[in-house]
Structure formats: C-alpha cells, structure tokens
Amino acid sequence: DLDEALQTRPALEIVNDTLLEGMKVVGELFGSGQMQLPFVLQSAEVMKTAVAYLEPHMEKTDDEGKGTIVLATVRGDVHDIGKNLVDIILTNNGYNVVNIGIKQPVSAILEAAQEHKADVIGMSGLLVKSTVIMKENLEELNQRKLAADYPVILGGAALTRAYVEQDLH
C-alpha cells in the first residue's frame with residue numbers, strides 16, 4: 001500500500017495526511033471507549049513501521065536552520081512512538097532535533113537545551129503520571145528563571161488542550 005501511495009504522493013504527505021489522520025481516529029475511538037488499549041498500541045506500532053519505511057523517501061527541505069528543538073520523554077515514562085514521529089517530521093522539515101530519549105529528568109532536558117542552544121523544548125509522555133512530571137518540570141523552569149528562554153511544547157495521550165492551557169504554566 002505504501003509503495004502504491006508513493007507512486008502518486010510524496011512520503012511526507014502520506015505521513016501527515018493519511019497516517020496521522022488514522023492515528024487521530026484511533027485516539028478518538030480510544031477516548032470514547034470504542035477501542036481497547038492493545039489495539040491502540042498495535043496501531044501505533046503499524047504507524048511507527050510505516051514511517052520508518054517512508055523515511056528514506058522523505059525529501060528534506062532546503063530550509064536549513066529553522067531552529068533547534070530538544071525532545072524528551074519525561075522521567076518515569078518509556079513511551080516514545082509519538083515523540084519519535086515528531087522528530088522525523090520536524091527533521092524532514094528543516095529543524096534541528098536533539099532527541100535525548102526516554103525517562104529523562106528535567107536536569108538532563110535543561111542541560112541538553114543549554115548545550116545545543118535550543119529554541120524550544122518538547123516534552124512527551126503517555127502516562128497520566130507523566131502530566132504530573134511535566135507540571136513539575138515547568139515549575140522547575142520557572143524557578144530557574146528559564147521559562148522565557150525555552151518555550152515548551154507538551155505532547156502525550158493523557159494531555160488535553162484545556163489541561164495544558166489552564167493547569168500547566
């Protein structure tokens with residue numbers, strides 16, 4: 001199917017328009033109780049495999065130097081499929097991505113941001129408890145007076161836009 005799609009569409013378009021739309025549907029079905037977690041995880045693995053297959057076909061843009069983002073899955077969380085997809089998409093769109101992996105304490109995230117002169121920090125986590133860690137990490141950024149230096153993007157299944165905007169500062 002992917003080879004057939006590549007005949008008529010660029011790889012990045014397939015990821016952005018088809019695969020991500022499919023994962024959005026999976027997320028909505030899970031959220032409404034119509035899909036069980038094992039099937040969500042299976043869908044995420046299919047997505048990961050499809051993106052890995054398409055990655056060699058993705059044309060990197062000529063727009064070098066759009067900015068640097070440090071990506072990390074927060075302390076206590078081993079989930080990285082979503083974060084790694086964000087890495088691939090940003091990298092292929094001209095961003096410099098420093099992906100420091102899973103189970104990262106805030107100190108490691110901040111060290112990487114400083115070392116790589118990051119423009120943005122991206123924190124990810126699938127678990128509900130990861131949202132608590134994200135809140136603690138943001139408080140740490142505020143205490144260290146670094147919040148103005150590093151805008152933060154948060155991602156993960158347990159997050160809602162309302163929660164991020166109203167409860168995480």
Side-chain angles (χ1 to χ4, degrees), residues 12-48 50-51 66-114 118-169:
L12 198 58
E13 183 181 303
I14 296 167
V15 171
N16 288 335
D17 295 347
T18 305
L19 297 175
L20 288 176
E21 279 301 311
M23 285 306 294
K24 185 177 173 186
V25 171
V26 167
E28 289 166 357
L29 290 172
F30 178 67
S32 67
Q34 297 177 65
M35 184 180 277
Q36 295 173 325
L37 185 60
F39 300 107
V40 174
L41 297 175
Q42 186 178 30
S43 299
E45 282 299 325
V46 169
M47 172 80 175
K48 183 178 178 181
V51 170
K66 282 187 173 178
T68 298
I69 181 169
V70 168
L71 289 179
T73 301
V74 297
R75 175 174 52 90
D77 200 324
V78 299
H79 300 92
D80 65 353
I81 293 173
K83 173 183 62 67
N84 293 343
L85 293 173
V86 168
D87 180 347
I88 291 165
I89 292 166
L90 290 176
T91 298
N92 283 289
N93 279 285
Y95 292 88
N96 177 30
V97 178
V98 180
N99 186 339
I100 63 171
I102 60 171
K103 299 195 289 188
Q104 294 298 316
V106 68
S107 57
I109 295 169
L110 291 174
E111 284 170 23
Q114 290 167 336
D119 299 296
V120 177
I121 292 172
M123 289 188 272
S124 175
L126 179 77
L127 306 173
V128 172
K129 74 174 185 177
S130 296
T131 64
V132 175
I133 303 297
M134 289 177 191
K135 186 174 181 107
E136 292 171 2
N137 290 356
L138 292 172
E139 288 167 356
E140 180 82 15
L141 256 78
N142 286 322
Q143 287 171 351
R144 292 192 190 190
K145 308 258 189 278
L146 294 173
D149 297 339
Y150 301 111
V152 176
I153 298 172
L154 302 174
L159 294 172
T160 64
R161 183 179 186 129
Y163 177 73
V164 171
E165 290 177 352
Q166 295 163 17
D167 299 325
L168 299 179
H169 308 288

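A donor-acceptor distance shorter than 3.5 angstrom exists from the side chain of Asp77 to the backbone of Leu127, with no hydrogens or angles considered. Here the side chain of Lys135 pairs a donor or acceptor atom with the backbone of Asp167 at under 3.5 angstrom. Looking at Glu45, its side chain never comes within 3.5 Å of a backbone N or O of Ser43 through a donor-acceptor pair. At distances below 3.5 Å, at least one donor-acceptor pair connects side-chain atoms of Thr131 with backbone N or O atoms of Val128. A side-chain donor-acceptor contact under 3.5 Å links Thr73 to the backbone of His79. Ser32 places a side-chain N or O within donor-acceptor distance of the main-chain N or O of Leu29, the cut-off being under 3.5 Å.
No more than 12 heavy-atom neighbours from other residues, nucleotides or ligands sit within 6.0 angstrom of CD on Gln36.
Shown here for Phe30 and Met35, the closest heavy-atom pair between the two residues is CD1-O, 3.2 Å. The nearest pair of heavy atoms linking Ala50 to Leu19 is CB-CD1, 3.8 Å. For the pair Met134 and Ser124, the tightest heavy-atom approach, listed with the atom from each and the gap, is CE-C, 3.5 Å. Closest of all the heavy-atom pairs between Ile109 and Ile100 is CA-CD1, 3.8 Å. Scanning all heavy atoms of the two residues, the minimum distance from Leu141 to Tyr150 falls at CD2-O, 4.0 Å. Scanning both residues, Met47 and Leu85, for their nearest heavy atoms gives CG-CD1, 3.6 Å.
In summary, the side chains of Asn84 and Lys48 do not present any donor paired with an acceptor at a separation below 3.5 Å, with no hydrogens or angles considered.
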Only distances under 3.5 Å count here; give the side-chain donor-acceptor pairs of residues 154-163 to other protein atoms, sequence neighbours excluded, each with its distance to 0.1 Å.
{"unit_1": "Thr160", "atom_1": "OG1", "unit_2": "Tyr163", "atom_2": "N", "d": "3.0"}
{"unit_1": "Arg161", "atom_1": "NE", "unit_2": "Glu165", "atom_2": "OE2", "d": "2.8"}
{"unit_1": "Arg161", "atom_1": "NH2", "unit_2": "Glu165", "atom_2": "OE2", "d": "3.3"}

Between Ile153 and Ile69, does the side chain to side chain contact (heavy atoms under 4.5 Å, CB included) criterion hold? Intermediate values first, please. CA-CA 10 Å; Ile153 298 172; Ile69 181 169; 4.2 Å; yes
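Separating the CG atom in Asn137 from the CG atom in Leu110 is a distance of 8.0 Å, to the nearest 0.5 Å. Between atom CG of residue Asp80 and atom CG of residue Asn99 there is a gap of 7.5 Å, rounded to the nearest 0.5 Å. Rounding to the nearest 0.5 Å places NZ of Lys66 at 9.0 Å from CG of Leu90. For the atom pair CE of Met123 and CD of Gln104, the computed distance is 12.0 Å after rounding to the nearest 0.5 Å. Summarising the geometry, atom NZ belonging to Lys145 is positioned 9.0 Å from atom CD belonging to Gln143; distances are rounded to the nearest 0.5 Å. Atom CD1 of Ile133 sits about 11.5 Å away from atom CG of Leu138, to the nearest 0.5 Å.
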